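This report concerns only the one structure given below.
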2 protein chains.
Amino acid sequence: MKNRPLSDDALALVARRFAVLSEPMRLRLLQALAGGEKPVNALVELTGGTQANVSRHLQTLTEAHLLKRRKEGLQVFYAVADPSIFQLCELVCGSLEKRLAQQAEAFEPKSGR
Amino acid sequence: MKNRPLSDDALALVARRFAVLSEPMRLRLLQALAGGEKPVNALVELTGGTQANVSRHLQTLTEAHLLKRRKEGLQVFYAVADPSIFQLCELVCGSLEKRLAQQAEAFEPKSGR
DNA sequence: TAACTATATGCGCATATACTCATTCACTAG
DNA sequence: CTAGTGAATGAGTATATGCGCATATAGTTA
């Protein structure tokens with residue numbers, strides 16, 4: 001009863017989610033937030049990006065509902081709002097590892113013919 | 001033993017995979033191929049795209065190792081090479097549905113306070 | 001009030017990429 | 001060989017977006 005062809009609108013939403021996850025810096029930020037809520041300055045340090053750039057990417061992630069924002073005095077704390085992104089990354093990593101392992105096999109005469 | 005911070009290279013690969021999935025037309029093609037191998041002309045019809053554009057997107061998907069190509073006479077058949085993409089899409093769809101349902105809730109006075 | 005700090009944002013540049021049109025390539029049939 | 005068909009590709013254009021720089025905003029402290 002599932003997996004019927006998605007509507008154009010739905011397709012656009014899915015595509016947008018993937019687009020948000022398609023920048024290394026944003027993945028780095030998500031990774032940095034895997035351990036829990038952190039303020040912007042900590043994220044700037046952890047990722048090595050500029051403050052302006054980090055701030056923009058955090059905005060993108062927040063607008064996509066992947067992060068949530070909490071202000072506390074001067075600082076702004078960000079945290080992962082949608083844990084499913086970690087499952088996504090794991091799936092992709094698994095798929096990539098599998099492929100790379102297969103490609104590596106082609107160069108190792110181990111049990112090859 | 002998993003989920004250590006990914007290297008920059010790994011991060012770039014993951015980001016690239018997401019980028020490949022971030023175009024509605026490519027998602028449409030994957031959806032069209034969910035039922036099995038199809039020739040290019042069928043995909044052009046199913047997606048409503050131009051032949052040139054469909055061909056380019058098929059190339060992108062193939063280079064990303066998500067599709068495989070098989071030539072037979074004049075026609076070229078494409079098929080999904082990495083089924084994990086469907087799990088990815090399901091995860092994203094689930095996450096989006098959940099969010100949209102929550103947002104809809106805010107407008108329905110059903111069991112709200 | 002002014003000074004200081006943490007974030008956010010406006011602007012411009014550079015690059016990436018999706019799209020169309022025309023052409024070319026690969027293959028088959030006559 | 002030539003003609004015809006399905007698919008790929010080169011060129012050009014338009015749009016999107018990542019980045020850095022400078023500045024603006026919000027909040028704190030004096």
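Letters A, B, ... mirror the listed sequences (proteins, then strands); counts begin at 1. All of these numbers come straight from a predicted model, not from anything done at the bench.
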Side chain of [X] only, please: which of [options] is the nearest?
{"X": "A/R69", "options": "C/dA26, C/dT7, D/dG18", "value": "C/dT7"}
{"X": "A/K71", "options": "C/dT7, D/dG27, D/dA7", "value": "D/dG27"}
{"X": "A/L74", "options": "D/dG6, C/dT5, C/dA18", "value": "C/dT5"}

Mind checking if [X] touches a base, just sugar-phosphate, or nothing, with heavy atoms under 4.0 Å?
{"X": "A/Q51", "result": "base"}
{"X": "B/F77", "result": "nothing"}
{"X": "A/R70", "result": "nothing"}

Roughly how many Å is it from CZ in A/R28 to P in D/dC19, rounded to a whole number?
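Answer to the nearest Å: 9 Å.
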
Check for a donor-acceptor pair, side chain of A/K71 on one end and backbone N or O of A/F77 on the other, with a separation under 3.5 Å.
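No, the answer is negative, given that no donor and acceptor are paired below the 3.5 Å cut-off.
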
Ignoring hydrogens and geometry, is there a side-chain-to-backbone donor-acceptor pair from B/T47 to B/L43 under 3.5 Å?
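At least one qualifying donor-acceptor pair exists.
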
Considering just the side-chain nitrogens and oxygens of [X], establish if one lies under 4.0 Å of OP1 or OP2 belonging to [N].
{"X": "B/H57", "N": "C/dT17", "answer": "no"}
{"X": "B/R56", "N": "C/dT20", "answer": "no"}
{"X": "B/Y78", "N": "D/dA8", "answer": "yes"}

Is the number of heavy atoms from other residues, nucleotides or ligands under 6.0 Å of B/E45 CD greater than 12?
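No, because the 6.0 Å sphere around CD of B/E45 holds 12 heavy atoms or fewer from other groups.
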
Contact nearer the 5' end of DNA chain D, comparing B/L58 with A/M25:
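The 5'-side residue here is B/L58.
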
Between B/S55 and A/N53, which has a closest nucleotide on DNA chain D that is more 5'?
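In this pair, the answer is B/S55.
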
Using the closest heavy atom to pick a nucleotide of DNA chain C for each, name whichever of B/T60 or B/A52 lands nearer the 5' end.
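Whichever sits nearer the 5' end wins; that is B/T60.
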
